[in-house]
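Residue numbers begin at 1 in each chain, while the letters A, B, ... track the order of the sequences.
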Protein chains: 2
Amino acid sequence: MRIGELAEHAGLTVKTIRFYEQAGVLPEPERRPSGYRDYDDSAVARLRFVKAAQAAGLSLAEIREVIAVRDRNGPPCRHVTDLLNAHAADLDRRIAELTALRDEVRRLRDRADGLDPAGCEDAAVCHVIPTDQASCVQRSADAVAGSPRVERPIGVRR
Amino acid sequence: MRIGELAEHAGLTVKTIRFYEQAGVLPEPERRPSGYRDYDDSAVARLRFVKAAQAAGLSLAEIREVIAVRDRNGPPCRHVTDLLNAHAADLDRRIAELTALRDEVRRLRDRADGLDPAGCEDAAVCHVIPTDQASCVQRSADAVAGSPRVERPIGVRR
DNA sequence: GTAAAGCTTCCCCTGCGGTGGAAGGTCAAG
DNA sequence: CTTGACCTTCCACCGCAGGGGAAGCTTTAC
């Protein structure tokens, strides 16, 4: 089948499929004499895997790595479960961060109800956002203590 | 004071300060005859506000907007509390999404313990990641139902 | 006088997952 | 024979918050 048909089967755009090939998560297909790409059913299965892995929070780079492990060493299940473990831990960290941030944002908003709008000073722009260290959530300390990997928002695509 | 000194006071790099000026969250300072930027103390206060607002999850574009509101309409507190409300709601959504994803990831990992690595089929790459619709967390439905704004990971910078 | 540090503007690069468009080739129907 | 749909490659761009480095001034310290 040609790329447009594959795109329709997979629920992706033609652009995305070429992008996946270039990203190394979809093997280069045969070509017709015209130069058109020519796919078989395994491409559909592969794209399903890619979508499922993305839904599980894996990046294209990780998916490519999983595929490479499979090609070299056989079933990559161990590798995949390691990835899943790491992602679950990352998600726990990220959820904790966002929860702390949300609580701080709510606290600021609630505090704002008791403030006089006229009390804003020029330099500070708006006293709803307090600029003293003590009242701010400790983001810098978190960032330093946090692992160097993963600033990426895991999962959550459109 | 010159830009390097301001950077040290604010705990930022010289690059970042020039970037903030260009981004519209720090006003253009006076220049010395040499062309060097010359800041006064209000720049320090402004940068403190920018950092605090960032820590509260506001983007530079939003911070610029808050500053613009203040310049046009006086105290922007109402605008700021509206932003905080919107961010709190965004964070709630995001936390819910990440929590659902984390649960799904854990479920996949736990399910993997009962699988035989030899059972992986070629096209599917690895059966730890099931490619059938039913077992996948419903990300596409979320994305469609979700608000069009904010894919950005709010807060959480390094 | 000269070296080092600091400053200026300028443009490009990062990650991530794509999207948009231009210029051109191919194929089927009418 | 032409129109339109489909395909090809290539290059550039999106958001976000900066970082890297070049080429060329200015200021400071010795």
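- Considering SG of B/C126 and CZ of A/R70, their distance stands at 7.5 Å, rounded to 0.5 Å.
- A donor-acceptor contact under 3.5 angstrom links the side-chain atoms of B/Y36 to the base of C/dG6.
- A/E30 has its CD atom 17 Å from the C1' atom of D/dC7, to the nearest Å.
- Fit an axis to the five pairs at each end of the helix from C/dG1-D/dC30 to C/dG30-D/dC1 and the two axes sit 30° apart, to the nearest 10 degrees.
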Show me the protein contacts with nucleotides 9-12 of chain D, counting only N or O atoms at under 3.5 Å.
from, atom 1, to, atom 2, distance (Å)
D/dT9, OP1, A/R31, NH1, 3.3
D/dT9, OP1, A/R31, NH2, 3.1
D/dT9, OP2, A/R37, NH1, 3.0
D/dT9, OP2, A/R37, NH2, 3.0

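- Relative to the side chain of A/I3, the nucleotides C/dT8, C/dC27, D/dT8 differ in distance, and D/dT8 lies closest.
- For A/T13 and C/dG18, the shortest distance from a side-chain N or O to OP1 or OP2 is not below 4.0 Å.
- Phosphate contact (OP1/OP2 of C/dC16, side-chain N/O of A/Q54, threshold under 4.0 Å): absent.
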Show, in sequence, the C-alpha distance, side-chain angles and deciding distance for A/L26 and A/Y39, and conclude whether the side-chain contact (heavy atoms from CB on, under 4.5 Å) test is met. CA-CA 11 Å; A/L26 183 65; A/Y39 297 96; 4.2 Å; yes
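- When the side-chain nitrogen and oxygen atoms of A/S34 are compared with OP1 and OP2 of C/dG25, none of them lie within a distance under 4.0 Å.
- Of the candidates D/dG19, D/dT27, C/dG18, D/dT27 carries the atom nearest the B/R2 side chain, counting heavy atoms from C-beta on.
- A/E62 and A/H87 share a side-chain donor-acceptor pair at under 3.5 Å.
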